[in-house]
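As structure tokens, the structure follows; a few thoughts come after it.
Hydrogens, waters and symmetry mates play no part in the numbers below; they use all other heavy atoms, side chains included. Reminder, nothing fancy here: chain letters follow the sequence lines and each chain counts from 1.
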Protein chains: 2
Amino acid sequence: MARRSGAATIAEVAKAAGVSPATVSRVMNDRFVGDPAVAERVRAVAADLSYSPSHFARSLALGQTKAIAFIVPDLANPAFQAVLSGLSKAAGRDGYRVLVADSSENPDEEPLLAREVRRRCDAIVLCAPRMSDEELSEIAGSLEPLVLINRTGSGDAVPSLAIDYRAGIRSLAEHLHSLGHRHLVYVEGPERSVSNRYRRDGLEEFERDTPGARVTRVAGGATTDDGIAAAPRVRETGATAALAFNDLVAIGLLNGLVDLGVEVPAEISVTGFDDIPFARFTTPPLTTASVPHPELGTQAWQRLLAVIRGEDPEPDLVLQPHVEIRSSTARPEHSA
Amino acid sequence: MARRSGAATIAEVAKAAGVSPATVSRVMNDRFVGDPAVAERVRAVAADLSYSPSHFARSLALGQTKAIAFIVPDLANPAFQAVLSGLSKAAGRDGYRVLVADSSENPDEEPLLAREVRRRCDAIVLCAPRMSDEELSEIAGSLEPLVLINRTGSGDAVPSLAIDYRAGIRSLAEHLHSLGHRHLVYVEGPERSVSNRYRRDGLEEFERDTPGARVTRVAGGATTDDGIAAAPRVRETGATAALAFNDLVAIGLLNGLVDLGVEVPAEISVTGFDDIPFARFTTPPLTTASVPHPELGTQAWQRLLAVIRGEDPEPDLVLQPHVEIRSSTARPEHSA
DNA sequence: GAGCGATAGGAAAGCGCTTTCTCGTACTCG
DNA sequence: CGAGTACGAGAAAGCGCTTTCCTATCGCTC
């Protein structure tokens, strides 16, 4: 038995207005066709009692909530916020709200988080780079309607949207190579991150296809602090250019290098990934690869809505990053 | 009538296990005291059908959701994220989830947003700097349990937590004054923002109490872009130091000034507010005033939980910002 | 003026779960 | 060995809302 939360119920409104709950419901949902005076009375009473229908009860009766969930690995990363913003705007236009959940607190419980959050709404957009493929395909079924971000073809027929990290980082590496860099160092993302794997693949391709080029790898992470911590390791490699897992890491790295007395880009060039708004404001401004993140959100919504409606979603999309050249990259010193 | 979402219901589990729904419910909630074999069977069947209880139905029956909402004016601002992070951790420890809503899309509908979101959960933490006092006290009642952030004593007995922007910005101004600056310029926050008013108050106090000091005001906003746009206006004032509404604006301003060829801090000192993580990484690193934001979230949860439980919350708290001196502030040129 | 269709609005079932009440069974104790 | 107790588990009500019937009333036509 619920402790009454003080809010008026439909029954109370009905009684006060001298009509049946059914009528109140109809009036509230603009499905009422009878005497306008009755509707008016109901509305007045409802306003008077400041009645507003209970969400749970509605959801229960209707079987839908008009809400979707968005799970991100780290809400503090502006790149995900940009996706969220696009998603939330798009969903809002169709009358849907989005619930945000951040799995950074405990990544291990991501599947649980997803499941739990999913049950509070009609569908879910999942961005879970650290979840294993097995875990993913295991829970995918129980999460539908579902759209995946940055996880391509998990075998299942789940619509997905991805950024081509592989191609993006390769372009970045090629940019550095064209400047004259031969020894690059990649500051890795989180151990279990799938998108880190894509980047590694891209770099391996680059290395293979580019005679004379070499890519060393050092441990990193996904945050500015990880970037700072990686600075000494980067310097030790002797590489003339560093590719960071993302902009956050790059920013940390930039500062870590400065603290070590290393000049960027004179001694070491640095690149990021994502082109977060702050990337323009670093010193020197960060060369990075970007993708229109809000677009990712919009596209995700299109597909999710289709799935919700039982229609066929548009085909999967793999967005190609665009290299944004700024001044954190330059020719290596000795080659000048 | 709900369209069945494919998920198993308690009735199905009950039937499959040859028991009553009541028993299933009890087993699922660890309230079962009977034959362990029965419990085991129920659990097995539940697992088999991958049953998980419907949230709405539970909420409806229980009258509670174990979720709270957090409304922020702008999720892109790292300061609010820090609050969110503290809140979410604290609430999580008590088994509560937090739903995040960002009102930046359309600030005018903040009251509606709050109301709607509130009905999806048990309580709400509201950070609505742009809502008018009237609007606020108008809806406060319908939002309870409620904790307010950065809105002190709205007359009503709503627990609140605030940052002392007035004192904080005053300290910043005094820091600049002590460096020798006499003409300061304040880059205003959003027009209707209450926290902007506090800052203005602080600066007026400073001006009144500090003979020879002068504070000009120019239009600004709350984002980096607003900061960039304010740069020419700042320069025109001829002030030797600029206090920005927050760090985001300060960062924009820093860059806007550089673009205009103005050197910081040589020609103009700049300060921010909030000490977001990026503040350390600007060039020059930003002098700012800070408050432990996650702590704000934790404190908010303490109070909210008390209110939810019908207990008396701890008294309101006004956190005192600490001035973080970095190198975006220095003695004015001619005084050197 | 009788018979018909249309229409306004109520009764009731059902969404899935929790929980009180109740009943039947298996004990225990005198 | 019978009465009383304890305990396991089911029946049913209720959370607040929507929606499908369904009935009663009205207005019309011939």
Would you say C:dG16 has OP1 or OP2 under 4.0 Å from some side-chain N or O of B:S54? no
Side-chain heavy atoms of A:F70 within contact of A:I124, under 4.5 Å: no
Nearest to the side chain of B:Y51 - D:dG10, C:dC17, D:dT19? C:dC17
Measure the distance from CZ on A:F56 to P on D:dT18 and round it to the nearest whole Å. 14 Å
Find the distance B:Q64:CD to C:dC17:C1' and express it as a whole number of Å. 13 Å
Would you indicate what A:V24 reaches in the nucleic acid, counting non-hydrogen atoms under 4.0 angstrom: base, sugar-phosphate, or nothing? nothing
Please report the distance, rounded to the nearest Å, between CG in B:L62 and C1' in C:dT18. 7 Å
Separation of D:dC17 P from A:K66 NZ (nearest whole Å): 19 Å
Heavy-atom side-chain contact between A:Y96 and A:L304 under 4.5 Å: no
On the nucleotide C:dT18, are OP1 or OP2 found under 4.0 Å from the side-chain N or O atoms that B:S25 carries? yes
Heavy-atom donor-acceptor pair, A:R26 side-chain to C:dG10 base, under 3.5 Å: yes
Contact list for DNA chain D against residues 27-38 of chain A - heavy-atom distance below 4.0 Å: A:N29, A:R31
Going by distance alone, is a donor N or O of one side chain under 3.5 Å from an acceptor N or O of the other, for A:S160 and A:D316? yes
Using only side-chain N and O atoms of A:T23, determine if any of them is under 4.0 Å from OP1 or OP2 of C:dG10. yes
Would you mind reporting whether A:Y51 and A:V45 have side-chain heavy atoms less than 4.5 Å apart? no
Cationic N near anionic O, under 4.0 Å, A:D48 to A:R41: no
Using a strict cut-off of less than 4.0 Å between a Lys/Arg side-chain nitrogen and an Asp/Glu carboxylate oxygen, indicate whether A:D108 and A:R192 qualify as a salt bridge. yes
Compare the minimum distances between each of C:dG10, D:dG16, C:dC17 and the side chain of A:V19, then state the nucleotide with the smallest one. C:dG10
To the nearest Å, give me how far apart CD1 (A:I10) and P (C:dA11) are. 14 Å
Mind checking whether B:L113 and B:D102 have side chains closer than 4.5 Å, heavy atoms only? no
Whole-Å distance separating the CZ atom of A:R58 from the C1' atom of D:dT19: 12 Å
Note: for A:A22 and B:A57 on DNA chain C, the residue whose nearest nucleotide lies more 5' is A:A22
Between A:R41 (CZ) and C:dA8 (P), how many Å, whole number? 15 Å
